[in-house]
Amino acid sequence: MSTPRILLHHYESSPYAEKVRLALGLKDVEWGSVETSAVPPRPLLAPLTGGYRRIPVMQVGADIYCDTHAILPALDRLHPEPSLSPGLAPGLAEALSYGFERDIWLAAIGVRVHFAGDAPAEFLRDRKEDYLYIDMSHAAMEPDFPRNAQRVAAWVARFGRALTDGRPFLGGDAPGTADLGVFHVLWLMRDGPQAGQVDTLLGLTPPMLDWYGRIAEIGHGRRQAVSPEDALAAARVAEPTLVQGGNGVEDLIEARVGDAVTVTPDDFARVPVQGSLVAIDAERVVIGREDADLGALHLHFPRAGFFVARD
Ligand SMILES: N[C@@H](CCC(=O)N[C@@H](CS)C(=O)NCC(=O)O)C(=O)O
């Protein structure tokens, strides 16, 4: 069987990966599922990402998309129909899910941990040292539970209000980026036997639960298992695609195409990725890396949530 063009590097329990799996389901595209471990090291993914350590990562040949806010817009460009932004303008849906995820992520983890208890010790250690920079054990998070619960409940109430006019999805008649961005955070808290307790705590209304069911039903589309070795082989034989636009001077950092730059997440897992600038505009940045084994790679990042600096 041939390797699908779109590959997703992910692990099952990752909520951000669930957001992308659902987007792939919505697009009904054929995609390759490259399973990686929930805790690094990820030796067969690292050569593609240049140090970026978060999950998920989407690969299309030698083009590597880091962060769901680079992945979803790229999917929309590759497979425009159905659009991921029905009802809401693309920028608005992106902005909503970005702001929501940023504000709620730690609080949502706190709510999950309150009900579901501790993850394995190795997972807790890794997340504290190299991802969240806080201790997400039950004991450490519990004092903040009342604060976390209120924050999450306030967001949930807003989305519940949006659905009271009977619309099936947040943007109207069809699902999109905003729905997926909200869904995966609820999935983080609800996935497991604690779902009922979470629903009660947050006051999830019947329209919200129906909405949740509709998103879950989208499913993951046409998924096929692909080995990490085959994913590396796909990068090795491919050339990065030409990037349209974004080759002017970026005023904020005075960087020009070809300059050595680093791109660093500004929230969690702040590992700088080095490369040479391929394209940049106000919303995205693409850097090129040369890997001794894989050849030329392009890494695509969103601007929001990342800091770009000239070396
Ligand atoms: N803003 C990022 C967040 C991604 C993220 O935080 N992913 C989590 C998994 S759901 C992660 O990378 N955790 C640490 C890890 O898996 O190494 C995105 O939209 O992709």
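Order of listing sets the numbers, starting from 1, for every ligand and every atom in it.
- Every N/O-N/O distance between A17 and ligand 1 stays at or above 3.5 Å.
- Residue-to-ligand polar distances keep E101 apart from ligand 1: every N/O pair is separated by 3.5 Å or more.
- For the residue pair S33/H10, the side-chain donor-acceptor check at 3.5 Å is satisfied.
- Heavy-atom proximity to R42, at under 4.0 Å, picks out these atoms of ligand 1: 15 (C), 16 (O), 17 (O).
- Defined by atom type and a distance below 3.5 Å, a donor-acceptor pair is missing between the side-chain atoms of H300 and R284.
- In Y11, the part holding a heavy atom less than 4.0 Å from any atom of ligand 1 is the side chain.
- The heavy atom nearest to atom 1 (N) of ligand 1, considering only L188, D67, T68, is found in D67.
- The one candidate from Y131, W155, Y16 that meets the ring-ring contact (aromatic ring centres under 6.0 Å, His included) condition with W105 is Y16.
- Tested against F159, the residues F169, W211, F100 include a single ring-ring contact (aromatic ring centres under 6.0 Å, His included) partner, F100.
- At a heavy-atom distance under 4.0 Å, no atom of K19 approaches ligand 1.
- Nearest protein heavy-atom contact of atom 10 (S) of ligand 1 is S14 OG, 3.0 Å.
- A donor atom on one side chain and an acceptor atom on the other are found under 3.5 Å apart for E101 and H184.
- V243 and L75 fall into different hydrophobic clusters, where Ile, Leu, Val, Met, Phe, Trp and Tyr residues are linked whenever their side-chain heavy atoms come under 4.5 Å apart, directly or through other members.
- Heavy atoms of R127 approach ligand 1 to within less than 4.0 angstrom.
- Residues L44 and W31 do not share a hydrophobic cluster, clusters being chains of Ile/Leu/Val/Met/Phe/Trp/Tyr side chains in contact below 4.5 Å.
- Hydrophobic clustering (side-chain heavy atoms under 4.5 Å, transitive across Ile, Leu, Val, Met, Phe, Trp, Tyr) groups I6 together with L84.
- Taking any N or O of Y16, backbone or side chain, none lies under 3.5 Å from an N or O belonging to ligand 1.
- Less than 4.0 angstrom separates some heavy atom of R53 from each of these atoms of ligand 1: 14 (C), 15 (C), 17 (O).
- When I55, D130, V20, L45 are checked for heavy-atom proximity to atom 7 (N) of ligand 1, I55 turns out nearest.
- Taking a cut-off of under 4.0 Å to the non-hydrogen atoms of P15, the atoms of ligand 1 that pass are 10 (S).
- Here R214 does not pair with E217 in a salt bridge; the nearest charged N to carboxylate O distance is not below 4.0 Å.
- Looking at ligand 1, you'll find an N or O of Y131 within less than 3.5 Å of one of its N or O atoms.
- Below 4.0 Å from some heavy atom of H69 lie the following atoms of ligand 1, by number and element: 19 (O).
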